[in-house]
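Below is one structure, written out as structure tokens, with a few remarks after it.
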Number of protein chains: 2
Amino acid sequence: MTDRAAPGAPIPPSPWHRLPDRPVKRRGEPISREAIVAAAIRLLDADGLAALSMRRLAEELGTGAASLYWHVGSKDALLDLVFDELIGEGVGEFGDGTEAPDPSRWREQLKEIAQAQRALSLRHRYLVRISVGRIPMGPNALRLSERVLAILLAGGLPPRVAVQGYLLLVAVVNGFTMDETGMGDAPPAPDAGTRPGDPASPGETGAMARDYLASLPADQFPVLVSLADEFALTDRNERFAILIDTFIDGLARRATKVRPDESA
Amino acid sequence: MTDRAAPGAPIPPSPWHRLPDRPVKRRGEPISREAIVAAAIRLLDADGLAALSMRRLAEELGTGAASLYWHVGSKDALLDLVFDELIGEGVGEFGDGTEAPDPSRWREQLKEIAQAQRALSLRHRYLVRISVGRIPMGPNALRLSERVLAILLAGGLPPRVAVQGYLLLVAVVNGFTMDETGMGDAPPAPDAGTRPGDPASPGETGAMARDYLASLPADQFPVLVSLADEFALTDRNERFAILIDTFIDGLARRATKVRPDESA
DNA sequence: ACCTGAACACCGTTCAAGT
DNA sequence: ACCTGAACACCGTTCAAGT
């Protein structure tokens, strides 16, 4: 319907996030687009999203904030680059990326990708937050989309359902990890969860919820009070597994090609 | 296991977000906690999340920014109040809130709540963004949780699954609406979607995605290129319906009490 | 082509001082 | 008990000027 590109053509720039169109030059790189992105990720990993400012980042690189603007245009554009860079890190997770979509185990392949995506978001706890409002159309995001959709098609989903299912899978995984990472900025301390009383440790959060819910007036909140204990036992790995199992099985039920191991 | 409250007791303050503990006084209210929250919501609805600053809000109320701090403690605490206030608006959506959980139509009741929650998030497009990292334990959030969990129990889910299912439902709905509202701050213009070329209108976004995907080199992205058209046809209402149908049906399959209309 | 310092127009929050 | 002005320590971004 629209323009087709010639084989082997470079990926065109997406219309959403435009960077200053600079010749890709490379020197002793005291400063370069790549170096800025790398430094930003370093800073984000170390100190969290709130710590990333153009001034602080420039300082890290031994320049003034104004210098960064020539390379990346704006902070938002820089976050676009960071976003796609991290997606690229995630794509290397499941197999080597060349493993072909296998119709007989497409659900497992999809689950692996979902797990890898969650792991990525847990490694970089600001990732889901910077992804908000960012359409994933960078080169690495495209490679990921290509792969996921290929798997869904191999699974026998009609094209329409495959696209809807892909968009939903992304939303579902992001919704879960957003809930999970919250605003927790810096990576958890090495001993998180072992130190009792640490409010950031997973077990403590559940215990706090339990205690608070149990303390509610039982005549107004009979169910919450009775279920309070369950909130302490909540296992995020199990919950994530339940989620994607449920979701992908539901998707499978929408495949037109009925495979031996499933029925309508 | 922990403290139980006497019947009819007031809801204790949750340990997560503490407000300055002020006597609830009421006067000609040139300024009060309620007035500040109401003004904040007005400002947010009109101009979006980025427009809310303590200075601007104070100006709206005819004071200086410093005055607000005595009433709400901090901007973050103010957003806690805004959050729970909006949840309260949403709770009034499905029935009158007194309609009892009905075991024979628990799935429908759950779907109504999910729909109401999405509608709320679309009415206040910043809501999902301010909910990030905010544990929903305000009075209105508690009432909502109580109701949803009662429905899940009425549906025959074991307590453990009910709690997990509830937490997942919230994450799933938020993930979807987060994707949907993105960073789109102000409410769409009254004629959004009718004005061709408006990049914020729903149809246009799909068309942009289609055109861009179709323009990719087909040898590197055969699947994306072939599915490009589907991205333009994507219907968010349909997609949301697919999502919660899939999810709730999956939940139902985990109920131990097998009801007549379902099987393991 | 690349970098800089200085400025502009903002932030959230604190605090001594007022009434 | 409530409000205030002024200050502190920040932001993202622009822009004329340098090399």
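A, B, ... follow the sequence lines: proteins, then strands. Residue 1 opens every chain.
Taking the centre and axis of the six-membered ring of A:Phe176, the NZ or CZ atom of A:Arg118 falls outside the cone set by 45° and 6.0 Å.
Side-chain proximity of A:Tyr69 to the nucleotides D:dG12, C:dG12, C:dT13 is greatest for D:dG12. Checking C:dC8, C:dG12, D:dA6 against every side-chain atom of B:Ala66, the shortest atom distance belongs to D:dA6.
A salt bridge between B:Glu89 and B:Arg123 is present, with a side-chain N of the basic residue lying under 4.0 Å from a carboxylate O of the acidic one. Between A:Asp45 and A:Arg125 there is no salt bridge, since no side-chain N of the basic residue sits under 4.0 Å from a carboxylate O of the acidic one.
Atom CG of A:Leu68 is separated from atom C1' of D:dC15 by 16 Å (rounded to the nearest Å). Look at CG on A:Leu57: it is 12 Å from P on D:dT13, rounded to the nearest Å.
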Base-pairing string, 5' to 3', of DNA chain D - Watson-Crick or wobble, under 3.5 Å, | interstrand
||.|||||...|||||.||
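Side-chain N/O atoms of A:His71 include one lying less than 4.0 angstrom from OP1 or OP2 on C:dC3. Contact annotation: A:Thr63 side-chain N/O to C:dC3 OP1/OP2 distance is not under 4.0 Å.
Spacing between D:dC2 and C:dA17 at atom C1', rounded to whole Å, works out to 13 Å.
Looking at B:Arg129, its side chain does come within 3.5 Å of a backbone N or O of B:Gly182 through a donor-acceptor pair.
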How far apart are the C-alpha atoms of B:Thr181 and B:Tyr126, what are their side-chain angles, what is the distance that settles it, and do they pass the side chain to side chain contact (heavy atoms under 4.5 Å, CB included) test?
CA-CA 8 Å; B:Thr181 55; B:Tyr126 50 91; over 6 Å; no
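A 6.0 Å sphere centred on CD of B:Glu59 holds no more than 12 heavy atoms belonging to other residues, nucleotides or ligands.
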